[in-house]
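What follows is a short report on a single structure.
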Amino acid sequence: MSQDSTIHTATTSLIAPNIPSYPLTSSVPLKLGIMASGNGSNFEAVAQAIATGQLNAQIQVLIYNNPTAKAAVRAANWGVEAVLLNHRDYKSREQFDGQIVEQLRQYDVEWVILAGWMRLLTPVLIDAFADKIINIHPSLLPSFKGINAVEQALAAGVKIVGCTAHLVCLEVDSGPILIQAAVPVLPDDTAETLHARIQVQEHRILPQAIALAALRK
Ligand code: GAR
């Protein structure tokens with residue numbers, strides 16, 4: 001076995017906990033509200049997992065905060081309603097989060113999925129959906145919290161990175177870990193190439209994390 005294929009095996013198998021089969025959720029579809037700031041590839045992964053019957057859920061609404069976010073285009077393609085709430089239009093983080101809560105309630109959202117949401121959350125949102133907010137982060141938490149996690153990992157010279165899906169609490173990128181995937185750092189990796197491989201794993205574990213979180217209840 002070449003070194004490359006050894007690495008490949010590690011890349012595709014190191015997910016913990018290992019989820020044997022879908023669908024894991026009950027017969028009642030979970031009502032998701034997805035929040036995204038940018039590209040929305042994780043939104044897409046959740047939408048796909050639902051469409052293929054792997055995840056028993058429905059996306060009630062996408063909330064996005066940047067007018068040019070590609071996530072909104074993806075939502076339109078999937079026939080999902082998208083609501084732009086631009087944080088620049090609000091006086092405080094609390095006021096902004098209050099508006100988000102109102103929208104999520106209007107759309108009868110049960111679970112909130114932070115899929116590349118790049119704003120800090122306040123207790124206004126966290127308390128309104130206590131233990132029902134899931135975040136995906138591109139590192140093996142608790143390492144490399146905050147922004148530019150992949151760059152932080154490269155700068156630290158770590159050899160294994162990954163991604164984490166976790167329940168959200170007030171401290172940023174903290175809260176009970178639901179599932180993690182490990183990804184090896186390759187010698188020629190740039191932040192872009194490494195992030196791209198991490199994202200492949202994000203797209204696998206985020207739908208699984210949603211199912212796992214619902215099973216905890
Ligand atoms: C993802 O890599 C996600 O882990 C990260 O933003 C990216 C969004 O990608 N989130 C964070 O860094 C949050 N701390 P996407 O828009 O293609 O889903």
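Counting convention: from 1, in listed order, for ligands and their atoms alike. Quick note: residue numbers are just sequence positions, from 1.
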May I ask whether Lys70 places a heavy atom under 4.0 Å from ligand 1? no

Which residue and heavy atom of the protein sit nearest atom 4 (O) of ligand 1, plus the separation: Glu202 OE2, 2.5 Å

Which of the atoms in ligand 1, numbered in the order shown and given with their element, are less than 4.0 Å from a heavy-atom of Asn39? 16 (O), 17 (O)

Identity of the nearest option to atom 12 (O) of ligand 1, non-hydrogen atoms only, from Ser41, Ala115, Ala45, Pro138: Pro138

Which heavy atom of Phe43 sits nearest a heavy atom of Leu62, and at what distance? CD1-CD1, 3.9 Å

What closest approach, in Å, do Leu186 and Asp189 show between heavy atoms, and which atom pair accounts for it? N-OD2, 2.8 Å

Tightest non-hydrogen contact, residues Ala214 and Trp111, listed as CA-CZ2, 3.7 Å

the protein heavy atom lying closest to atom 2 (O) of ligand 1 turns out to be His195 NE2, 2.7 Å

Is Gly40 close enough to touch ligand 1? Criterion: a residue heavy atom under 4.0 Å from a ligand atom. yes

Quick test: of every protein heavy atom, which one is nearest to atom 7 (C) of ligand 1, and how far off is it to 0.1 Å? Gln199 NE2, 3.9 Å

Verify the neighbour count for atom CD1 of Ile160: are there more than 12 heavy atoms of other residues, nucleotides or ligands below 6.0 Å? no

Closest non-hydrogen protein atom to atom 14 (N) of ligand 1, residue and atom name please, with distance? His137 ND1, 3.0 Å

Identify the closest protein heavy atom to atom 10 (N) of ligand 1: which residue and atom is it, and at what distance? Ile136 O, 3.5 Å

For Glu81, I'd like to know if atom CD has over 12 heavy atoms of other residues, nucleotides or ligands within 6.0 Å. no

Do you know the tightest heavy-atom contact between Ile59 and Ile34? CD1-CD1, 3.7 Å

Judging by distance only, is a nitrogen or oxygen of Asn42 under 3.5 angstrom from one on ligand 1? yes

Classify the ring geometry between Phe96 and Tyr90 as parallel (under 30°), tilted (30 to 60°) or perpendicular (over 60°). tilted

Which atoms from ligand 1 have a heavy atom of Asp173 less than 4.0 Å away? 14 (N)

Stepwise, does the side chain to side chain contact (heavy atoms under 4.5 Å, CB included) test hold for Gln199 with Ser41? CA-CA 8 Å; Gln199 286 220 289; Ser41 69; 3.5 Å; yes

Please work out, at 4.0 Å between heavy atoms, whether the side chain, the backbone, both, or neither of Leu114 comes within that distance of ligand 1. neither

Would the number of heavy atoms belonging to other residues, nucleotides or ligands and lying under 6.0 Å from CG of Asn77 be above 12? yes

Is the closest heavy-atom distance from Glu44 to ligand 1 below 4.0 Å? no

Thinking salt bridges, do Arg119 and Asp97 make one under a 4.0 Å N-O criterion? no

Any N or O of Asn135 closer than 3.5 Å to N or O of ligand 1: no

Top protein contact for atom 6 (O) of ligand 1, by heavy-atom distance: Gly116 CA, 3.7 Å

